*Asks:* 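For reference, the structure I am asking about is given below.
Here the structure is a predicted model, which is why all the values come from computation and not from measurement.
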Amino acid sequence: QVQLVESGGGLVQAGGSLRLSCAASGRPSEYVMGWFRQAPGKEREFVATISRSGSRTDYTHSVQGRFTISRDDAANTVYLQMNSLEPEDTAVYSCAARSALNKLAYYTRLDAYYYWGPGTQVTVSS
């Protein structure tokens, strides 16, 4: 089992940047990691995912070219670098994990993940 804790959220102006961190307990190298977000009044949605190897990633269309997911298993941390932030990016951002035998596998579906962090608030002002 893995426990996840996010940090790095906050208030930023449109066009600014934030880097979210997700600290994981256990053996995070055994897990596919993902970032999801939930805006007020909306359902939680997929943002980004990274394979166990770190060599494969995927993003939702609206953040491609602006967000970058990465992992540092030695530090037990997954990151989400968010650049050129827009007011539409305002949401609670949560990281998620699931085990996988295939080091190249990654998942975009919310229901594919077993473990979730409590989330961190990101607010982008216009």
Side-chain angles (χ1 to χ4, degrees):
Q1 191 170 359
V2 62
Q3 293 182 326
L4 308 171
V5 179
E6 304 91 342
S7 62
L11 174 64
V12 64
Q13 289 187 331
S17 298
L18 284 174
R19 188 177 78 159
L20 304 183
S21 299
C22 174
S25 66
R27 298 180 178 180
S29 62
E30 297 180 358
Y31 295 88
V32 176
M33 303 297 294
W35 283 98
F36 291 77
R37 66 186 180 186
Q38 187 168 21
K42 296 187 177 181
E43 295 185 351
R44 183 177 288 180
E45 66 172 355
F46 165 75
V47 176
T49 180
I50 187 166
S51 64
R52 287 179 56 198
S53 68
S55 63
R56 299 188 70 183
T57 59
D58 196 15
Y59 301 88
T60 191
H61 178 74
S62 64
V63 309
Q64 285 181 349
R66 300 188 298 122
F67 291 11
T68 303
I69 188 171
S70 61
R71 63 189 301 157
D72 182 348
D73 291 335
N76 290 1
T77 304
V78 175
Y79 303 98
L80 185 68
Q81 177 67 44
M82 306 187 296
N83 299 327
S84 302
L85 283 161
E86 304 169 353
E88 293 74 22
D89 296 316
T90 294
V92 175
Y93 284 71
S94 301
C95 67
R98 64 154 290 157
S99 59
L101 295 178
N102 185 346
K103 292 185 178 181
L104 300 180
Y106 59 89
Y107 303 91
T108 62
R109 289 176 57 92
L110 183 150
D111 60 5
Y113 289 84
Y114 308 150
Y115 308 107
W116 293 83
T120 185
Q121 177 70 47
V122 172
T123 303
V124 184
S125 64
S126 58

*Asks:* Scan the side chains in residues 90-99 for donor-acceptor partners under 3.5 Å anywhere in the protein, sequence neighbours excluded, and list what turns up.
*Replies:*
from	atom 1	to	atom 2	distance (Å)
Thr90	OG1	Pro87	O	3.0
Thr90	OG1	Val124	N	2.9
Thr90	OG1	Val124	O	3.4
Tyr93	OH	Arg37	NH1	2.9
Tyr93	OH	Asp89	O	2.6
Arg98	NH1	Ala112	O	3.1
Arg98	NH2	Tyr114	OH	3.2

*Asks:* So how far is it from Leu80 CG to Thr120 OG1, rounded to the nearest 0.5 Å?
*Replies:* 11.0 Å
*Asks:* Might you point out which heavy atoms bring Gly9 and Val122 nearest each other, and give the distance in Å?
*Replies:* CA-CG2, 4.1 Å
*Asks:* CD of Glu43: more than 12 outside heavy atoms within 6.0 angstrom?
*Replies:* no
*Asks:* Any idea which heavy atoms bring Ser17 and Asn83 closest together, and the distance?
*Replies:* OG-OD1, 2.9 Å
*Asks:* Answer yes if Tyr79 and Ile50 sit in the same cluster of Ile, Leu, Val, Met, Phe, Trp and Tyr residues linked by side chain heavy atoms under 4.5 Å apart, and no otherwise.
*Replies:* no
*Asks:* Between Phe36 and Trp116, is the ring centre distance below 6.0 Å?
*Replies:* yes
*Asks:* Out of curiosity, does Phe46 fall in the hydrophobic cluster containing Leu20 (side-chain heavy atoms, cut-off under 4.5 Å, transitive links)?
*Replies:* no
*Asks:* Quick one: does Thr77's side chain have a donor or acceptor within less than 3.5 Å of a partner on Ala75's backbone?
*Replies:* yes
*Asks:* Show me the donor-acceptor pairs, under 3.5 Å and distance only, between side chains in residues 102-110 and residues at least two apart or in other chains.
*Replies:*
from	atom 1	to	atom 2	distance (Å)
Asn102	OD1	Leu104	N	2.8
Arg109	NE	Asp111	OD1	3.0
Arg109	NH2	Asp111	OD1	3.4
Arg109	NH2	Asp111	OD2	2.6

*Asks:* If we ignore angles and hydrogens, is there a donor and acceptor under 3.5 Å between the side chains of Tyr113 and Thr49?
*Replies:* yes
*Asks:* Say you draw a straight line from CD of Gln13 to OG of Ser126; how long is it, rounded to the nearest 0.5 Å?
*Replies:* 9.5 Å
*Asks:* Of all heavy-atom pairs between Ser53 and Arg56, which one has the smallest distance, and what is that distance?
*Replies:* OG-N, 4.4 Å
*Asks:* Where the side chain of Glu6 meets the backbone of Cys22, is there a donor-acceptor pair that is under 3.5 Å apart?
*Replies:* no
*Asks:* Could you tell me whether the side chain of Leu4 reaches within less than 4.5 Å of the side chain of Met33, counting heavy atoms only?
*Replies:* yes
*Asks:* If you take all heavy atoms of Ala100 and Val32, which pair is closest and at what distance?
*Replies:* CB-CG2, 3.7 Å
*Asks:* Would you say the side-chain atoms of Arg71 pair up with the backbone N or O of Val78, donor to acceptor, closer than 3.5 Å?
*Replies:* no
*Asks:* Quick one: CD on Gln81 to CD1 on Ile69, what's the gap to the nearest 0.5 Å?
*Replies:* 12.5 Å
*Asks:* Which distance, rounded to the nearest 0.5 Å, do you find between the CZ of Arg27 and the CD of Gln1?
*Replies:* 14.5 Å
*Asks:* Would you give the length of the straight line joining atom CH2 of Trp35 to atom OG1 of Thr60, rounded to the nearest 0.5 angstrom?
*Replies:* 16.0 Å
*Asks:* When you look at CD of Gln3, are more than 12 heavy atoms from neighbouring residues, nucleotides or ligands closer to it than 6.0 Å?
*Replies:* no
